[in-house]
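Every chain is numbered from 1 and lettered A, B, ... according to where its sequence line falls, protein lines coming before strand lines.
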Protein chains: 2
Amino acid sequence: MNLAALFAIFKQAKNTQAMNVFLVDDHAILLDGIKSMLAYEGSVEVIGEANSAEKALDFIKYHSVDLLITDFNLPGMDGLALVRVVKKISPNTKIIVLSQHDETHLVKEILKEGVAGYVLKNDSHKELLQAIEAVKNGKIYLSNDINRILIHSMQFPDEERLLTDREREILKLIAQEKSNKEIGETLFISERTVETHRKNIFRKTKTSSLVGLIKFAYANNLI
Amino acid sequence: MNLAALFAIFKQAKNTQAMNVFLVDDHAILLDGIKSMLAYEGSVEVIGEANSAEKALDFIKYHSVDLLITDFNLPGMDGLALVRVVKKISPNTKIIVLSQHDETHLVKEILKEGVAGYVLKNDSHKELLQAIEAVKNGKIYLSNDINRILIHSMQFPDEERLLTDREREILKLIAQEKSNKEIGETLFISERTVETHRKNIFRKTKTSSLVGLIKFAYANNLI
DNA sequence: CAATAAATACCCACTAGTACGGATTTACAA
DNA sequence: TTGTAAATCCGTACTAGTGGGTATTTATTG
């Protein structure tokens with residue numbers, strides 16, 4: 001009998017009402033690490049994993065999942081889109097988002113979708129375990145850093161909506177290598193209007209070069 | 001007595017010649033995951049961890065480390081720089097690089113420094129364990145994907161040196177929001193020369209807009 | 001109702017960069 | 001030695017974008 005088997009017995013012994021968990025992350029190492037970490041916990045059982053949102057949906061469509069732990073950045077369909085679909089097709093599935101991102105805008109965006117937890121990859125594993133525990137008890141769990149960010153955004157509400165929706169839309173098109181003219185044609189507005197938006201975007205993001213703007217777009221996950 | 005304690009006893013029992021390991025990654029969750037994963041392995045003992053290259057060096061300066069497992073992307077000093085310093089101050093320390101990057105150029109760059117292993121974060125944890133096992137036996141371990149990349153680069157040697165050193169240097173400066181004039185002043189060359197390089201960079205990278213170029217720079221870790 | 005924010009649109013002057021072009025020196029490999 | 005690659009440099013014409021304005025309409029909010 002090996003250690004893993006021995007371990008399984010112990011786990012089962014203290015396992016009263018285990019919650020089934022499905023993991024999504026494109027980094028297999030991280031996935032394995034979390035699985036390994038959860039193996040110590042009798043309260044959860046990992047029933048599956050996927051390295052993309054699409055594969056995760058394939059599973060969730062046909063299986064009942066209590067808890068979904070997903071990365072934000074995924075190849076193809078991203079974490080936000082996954083959350084939206086899961087909330088629709090399986091409303092009882094709780095979701096914990098595991099992300100690198102601590103930008104106010106992104107955090108708020110995904111919290112609006114009604115996720116049960118948000119933990120940063122920079123946080124220790126204890127935060128994740130606490131989040132799982134909280135979710136089991138029907139609570140919402142945000143890691144310390146996220147709480148701090150949200151409080152900050154309440155204290156300085158002007159920072160959060162830096163760019164308007166339209167400006168954001170235009171910035172995305174700029175990042176798609178479109179010229180002002182093309183953007184105007186795409187959005188059915190005059191090139192002059194695009195220029196004005198562009199000026200405002202530069203002013204608001206405190207950048208003066210296109211390069212700086214693209215960096216901003218990267219930092220804010222607009223690319 | 002809890003499970004962890006019980007586990008420690010088993011570990012010690014089968015522990016013959018454990019290798020001490022130091023981990024470096026800026027994502028605490030990943031760090032915790034790997035630690036948890038290695039806890040099953042009697043052959044290695046994690047003696048420390050750090051979330052930055054600088055902190056890792058502080059430790060390595062005063063302690064003997066058999067194996068260093070480090071991320072490539074780190075805040076501040078990056079993995080490549082860390083490897084170089086460690087190879088200098090502690091030549092007997094073996095190094096396994098754990099990275100998201102599979103760009104030929106980056107992989108070759110770090111392999112040149114004489115690391116003992118290179119595993120992608122996309123690989124499963126088995127690859128990492130195999131790498132550790134190989135390193136213990138004095139071998140060099142490259143994960144499957146990395147091997148494939150290296151073989152590909154041998155088959156298509158023209159792809160790897162897409163940009164010359166000078167062009168790379170100039171691209172970095174472009175990405176730092178410098179104008180052609182400023183770049184010329186920085187490198188003590190004429191603005192015209194910078195223009196020529198710029199043209200060549202655009203041609204070689206098959207991009208036509210600055211935005212596309214910045215994206216290329218991101219993809220190739222030049223930013 | 002007044003004030004504000006967002007989206008729309010235009011003018012003018014200016015500059016940085018683009019797109020052609022061509023050219024020289026150095027170094028290294030066939 | 002001949003050829004190639006890399007790095008250096010220049011001219012001219014053109015365009016896209018920058019920076020400075022101003023102004024209108026619509027919607028929201030105090």
Side-chain angles (χ1 to χ4, degrees), chain A residues 104-105 108-109 153-154 156-217 220 222, chain B residues 104-105 108-109 153-154 156-217 220 222:
Chain A
T104 310
H105 183 263
K108 288 202 162 186
E109 197 79 27
S153 89
M154 280 182 258
F156 306 97
D158 43 318
E159 283 183 20
E160 70 188 270
R161 273 204 75 71
L162 185 60
L163 298 183
T164 66
D165 289 344
R166 196 53 154 178
E167 285 161 356
R168 214 166 263 280
E169 202 175 358
I170 284 168
L171 177 49
K172 276 186 193 170
L173 291 168
I174 292 173
Q176 279 162 37
E177 302 179 47
K178 294 203 193 300
S179 67
N180 286 348
K181 197 177 170 182
E182 287 171 322
I183 295 171
E185 282 161 7
T186 307
L187 301 178
F188 304 107
I189 56 176
S190 121
E191 199 182 330
R192 299 318 177 97
T193 308
V194 180
E195 277 173 23
T196 305
H197 283 305
R198 198 175 179 124
K199 270 186 283 191
N200 291 332
I201 294 169
F202 273 118
R203 185 176 41 76
K204 286 182 175 182
T205 59
K206 292 190 181 67
T207 52
S208 55
S209 74
L210 189 50
V211 178
L213 195 63
I214 300 307
K215 286 182 181 176
F216 174 89
N220 287 273
L222 294 168
Chain B
T104 310
H105 184 263
K108 289 203 163 184
E109 195 79 26
S153 89
M154 280 181 258
F156 306 96
D158 44 320
E159 280 183 23
E160 70 187 270
R161 275 203 74 70
L162 184 61
L163 297 183
T164 66
D165 288 343
R166 196 54 155 176
E167 285 161 354
R168 214 166 262 280
E169 202 175 358
I170 284 166
L171 177 49
K172 277 186 193 171
L173 290 169
I174 292 174
Q176 280 163 34
E177 301 178 47
K178 294 205 193 298
S179 67
N180 286 348
K181 196 176 169 185
E182 287 172 321
I183 295 172
E185 282 161 7
T186 307
L187 302 177
F188 303 107
I189 55 176
S190 117
E191 200 181 329
R192 299 314 183 99
T193 307
V194 180
E195 277 174 23
T196 304
H197 283 306
R198 199 175 179 125
K199 269 187 286 190
N200 291 333
I201 293 169
F202 272 118
R203 186 177 40 75
K204 286 183 175 180
T205 59
K206 291 190 182 65
T207 51
S208 55
S209 73
L210 189 51
V211 178
L213 195 63
I214 300 305
K215 286 182 178 176
F216 173 89
N220 288 273
L222 294 168

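The distance between atom CG of B/Leu210 and atom C1' of C/dG17, rounded to the nearest whole Å, is 9 Å. To the nearest angstrom, C1' of D/dG17 lies 16 Å from CD of A/Glu177. Rounded to whole Å, atom P of D/dA5 lies 13 Å from atom CD of B/Glu167. The CZ atom of A/Arg168 sits 15 Å away from the C1' atom of C/dA6 (whole-angstrom rounding). Rounded to whole angstrom, the span from the CG atom of B/Asp165 across to the C1' atom of C/dA27 amounts to 15 Å. Atom P of nucleotide C/dT15 and atom CD of B/Glu182 are separated by 16 Å, given to the nearest angstrom. Distance CG (A/Leu163) to P (C/dA6): 10 Å, rounded to an integer number of Å. Computed from coordinates, the B/Asn180 CG to D/dC10 C1' distance equals 15 Å when rounded to whole Å.
Proximity of B/Asp165 to B/Glu169: side-chain heavy atoms (C-beta onward) are nowhere separated by under 4.5 Å. Residues B/Arg198 and B/Leu210 have side chains in contact (heavy-atom distance under 4.5 Å, counting atoms from C-beta outward). For the pair A/Leu173/A/Leu187, a side-chain contact is recorded, criterion being any heavy-atom separation below 4.5 Å from C-beta on. Taking 4.5 Å as the limit, every side-chain heavy atom of B/Lys215 sits out of range of all side-chain heavy atoms of B/Thr205. A 4.5 Å side-chain heavy-atom check between B/Phe216 and B/Ile201 finds every atom pair outside the cut-off.
Listed in residue order, the members of residues 183-202 of chain B having a heavy atom less than 4.0 Å from DNA chain D are B/Ile189, B/Ser190, B/Arg192, B/Thr193, B/Thr196, B/His197.
Considering only side-chain N and O atoms, B/Thr164 lies under 4.0 angstrom from the phosphate OP1 or OP2 of D/dA7.
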Audit row: A/Arg203, A/Asn200, side chain to side chain contact (heavy atoms under 4.5 Å, CB included) steps and yes/no | CA-CA 5 Å; A/Arg203 185 176 41 76; A/Asn200 291 332; 3.1 Å; yes
